[in-house]
Number of protein chains: 2
Amino acid sequence: MRARFTLAEIQWHALDIVDRDGLPALTMRSLAAALRTGPMTLYNYVDGREALEELVVDAVSACVHVPEPTGDWAADTRAVATALWRAVRAHPAAVPLVLTRRTSSPASLAPAEALASALAGGGLGEDDLLVAFRTVMSFVMGIAQAELAGPLTRETTRESAARRMSTLAEGSLPTLAGLAHLGAALADQEFERGLDMVLAGIRQVAVRPHDRG
Amino acid sequence: MRARFTLAEIQWHALDIVDRDGLPALTMRSLAAALRTGPMTLYNYVDGREALEELVVDAVSACVHVPEPTGDWAADTRAVATALWRAVRAHPAAVPLVLTRRTSSPASLAPAEALASALAGGGLGEDDLLVAFRTVMSFVMGIAQAELAGPLTRETTRESAARRMSTLAEGSLPTLAGLAHLGAALADQEFERGLDMVLAGIRQVAVRPHDRG
DNA sequence: ACCTGAACACCGTTCAAGT
DNA sequence: ACCTGAACACCGTTCAAGT
């Protein structure tokens with residue numbers, strides 16, 4: 001019985017395992033089993049565990065549907081950021097890898113270039129362009145992080161939600177407690193409205209550049 | 001030979017291992033060894049590996065030096081965000097855990113409350129306050145993420161830096177390539193200037209609220 | 001009750017043997 | 001050259017025995 005794989009096949013199966021069975025289920029051995037081979041065969045395609053995880057991040061990046069530029073830099077920036085966020089959100093179990101592992105594959109650099117290019121239409125100076133790029137990218141990734149591990153996140157279990165609420169309400173955290181009940185209600189708007197805030201800030205710098213330093 | 005530990009002792013030793021030897025070096029067994037016990041003793045204090053990692057995140061949170069409020073909401077917000085960023089940055093090897101594991105300990109909620117409280121001084125509506133809270137928190141965590149795994153990050157090895165640069169310059173990523181050389185130069189200012197952008201956006205919403213929706 | 005060693009079921013990877 | 005099983009050195013955790 002011979003077996004030969006393409007890297008894309010391996011990549012897809014790996015992401016599939018993560019999506020279906022969770023991150024801990026992704027193992028050299030489980031992936032090999034899914035591919036109906038022995039674990040060692042994988043080492044002919046991938047450098048090891050670390051490299052495999054980068055391949056999964058790359059797969060998520062490949063899911064980003066980079067939008068066509070329209071000429072409106074703010075709209076384009078919003079569109080790329082949203083596309084990034086959607087792709088990450090579509091694979092929640094892979095988020096820890098996306099936040100943690102580095103990829104420099106074309107698939108992952110393409111959205112970054114699209115974002116930088118969109119922002120470049122705003123007439124920012126070189127420095128401000130870099131700062132704006134990092135700010136937007138950080139916002140997107142940070143939102144993903146907040147959804148994964150932040151406070152004020154909607155819980156999976158009802159009990160843990162109640163426990164957290166009571167912890168917050170327990171006296172010394174008045175502002176957080178006041179905000180906690182809004183979490184579920186605003187959830188879907190948070191990304192968009194947060195992005196609006198970030199864009200408003202960038203636009204301000206674009207209008208009157210070099211106002212600090 | 002008897003041995004009895006406080007949770008704080010365990011926590012501190014765990015963070016110490018991560019800081020000194022890196023994240024992979026933190027192991028039930030290595031931590032037990034550092035404490036001069038067998039691995040099983042740890043289970044009397046901690047629920048397991050997952051709980052131990054949350055304890056490390058908690059330790060990093062405890063390093064946040066939450067500033068005293070001054071009454072200037074923007075300055076206070078900046079101060080809390082900066083304090084958060086400094087604490088995270090002081091323990092780079094623990095960043096993957098900070099981005100990934102959830103803690104609801106008082107130590108980790110205190111900075112969150114301080115941030116929410118500072119923003120609450122800006123006269124934002126309840127919705128906008130939550131959005132602003134998430135935006136600033138996301139920015140801080142996202143910046144930490146960018147420093148860990150983003151593109152345009154300064155490299156540890158000189159060869160990998162060169163390799164990335166050449167990848168970027170290889171034709172199809174003009175905007176990123178143009179930005180890449182600024183990475184090292186701006187590094188220290190990026191957080192502060194990005195935070196300025198975010199604050200400018202929040203201030204705008206504070207001035208004329210409910211302008212969308 | 002608290003502590004902890006031995007043992008189990010994993011894991012990634014080396015190494016050397018197959019084709 | 002490509003492939004892959006056996007074996008090794010780990011890991012987290014169960015289980016049952018000690019005090």
Side-chain angles (χ1 to χ4, degrees), chain A residues 1-59 93-94 96-103 149, chain B residues 1-59 93-94 96-103 149:
Chain A
M1 169 176 290
R2 70 181 45 148
R4 200 87 200 244
F5 310 101
T6 148
L7 203 66
E9 256 177 319
I10 292 178
Q11 201 175 19
W12 194 87
H13 272 93
L15 180 57
D16 188 56
I17 291 175
V18 173
D19 283 340
R20 201 193 313 277
D21 305 324
L23 190 50
L26 178 63
T27 281
M28 287 289 158
R29 288 168 135 101
S30 73
L31 178 57
L35 258 39
R36 304 168 151 272
T37 345
M40 281 314 104
T41 305
L42 293 176
Y43 286 81
N44 290 306
Y45 302 89
V46 178
D47 236 13
R49 178 104 232 263
E50 199 83 355
L52 175 63
E53 293 181 340
E54 288 177 18
L55 222 56
V56 173
V57 177
D58 187 54
L97 294 185
V98 173
L99 290 173
T100 272
R101 309 305 176 194
R102 153 168 304 170
T103 324
Chain B
M1 170 177 290
R2 69 183 43 150
R4 200 87 199 246
F5 310 102
T6 150
L7 203 66
E9 256 177 319
I10 293 178
Q11 202 175 18
W12 194 87
H13 272 92
L15 181 57
D16 188 55
I17 291 176
V18 173
D19 283 341
R20 200 193 313 278
D21 303 326
L23 190 49
L26 178 64
T27 282
M28 287 289 157
R29 289 169 134 100
S30 74
L31 178 57
L35 257 39
R36 304 171 150 270
T37 346
M40 283 313 105
T41 305
L42 293 176
Y43 286 80
N44 291 305
Y45 302 89
V46 178
D47 236 13
R49 177 102 231 261
E50 200 84 354
L52 175 62
E53 293 181 341
E54 287 177 19
L55 223 57
V56 172
V57 177
D58 187 53
L97 294 184
V98 173
L99 291 173
T100 271
R101 309 304 175 195
R102 152 168 306 168
T103 324

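On a predicted model such as this, the values are computed, not experimentally measured, just so you know. We use all heavy atoms of the structure for the numbers below, so side chains are in, but hydrogens, waters and symmetry mates are not.
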Rounding to an integer number of Å, can you tell me how far Met40(A) CE sits from dA7(D) P? 14 Å
Let me confirm one number: the CD1-CG distance from Ile17(B) to Leu31(B), rounded to the nearest 0.5 Å. 5.0 Å
Quick one: which of Thr37(B), Leu52(B), Leu35(B) gives a side chain to side chain contact (heavy atoms under 4.5 Å, CB included) with Leu42(B)? Leu35(B)
Round to the nearest Å and state the distance from Leu52(A) atom CG to dG12(C) atom P. 9 Å
To the nearest Å, how far apart are Phe5(B) CZ and dT4(C) C1'? 12 Å
Heavy-atom donor-acceptor pair, Gln11(A) side chain to Leu55(A) backbone, under 3.5 Å: yes
Send over the distance from Arg36(A) CZ to dT4(D) P, rounded to a whole Å. 14 Å
Taking a pair to mean Watson-Crick or G-U wobble geometry with both distances below 3.5 Å, dT13(D) pairs with dA7(C)
Spacing between Leu42(A) atom CG and dC3(D) atom P, to the nearest angstrom: 11 Å
Give none if dG18(D) has no partner; otherwise give the nucleotide forming a Watson-Crick or G-U wobble pair with it, both distances under 3.5 Å. dC2(C)
Between the main-chain N or O of Ala8(B) and the side-chain N or O of Thr6(B), is there a donor-acceptor pair closer than 3.5 Å? yes
Under 4.0 Å between a side-chain N or O of Tyr45(B) and OP1 or OP2 of dC3(C)? yes
Is the phosphate of dT13(D) approached by Tyr43(B) (side-chain N or O, under 4.0 Å from OP1 or OP2)? yes
Give one of base, sugar-phosphate or nothing for Met28(A), where a contact means two heavy atoms less than 4.0 Å apart. sugar-phosphate
Which whole-number value in Å describes the distance from Arg4(B) CZ to dC2(C) P? 7 Å
From dT13(D), dT4(C), dT4(D), nucleotide with atom closest to Asn44(B) side chain: dT4(C)
Arg49(A) has an atom CZ; how far is it from atom C1' of dC10(D), in whole Å? 15 Å
Got a donor-acceptor contact below 3.5 angstrom from the Tyr45(A) side chain to the Phe5(A) backbone? yes
Between dT13(D), dT4(C), dC3(D), which nucleotide has the shortest distance from any of its atoms to the side chain of Thr41(B)? dT4(C)
Arg29(A) CZ to dG5(D) P, straight-line distance once rounded to whole Å: 12 Å
Ranking dT13(C), dG12(C), dG12(D) by distance to the side chain of Thr27(B), first place goes to dG12(D)
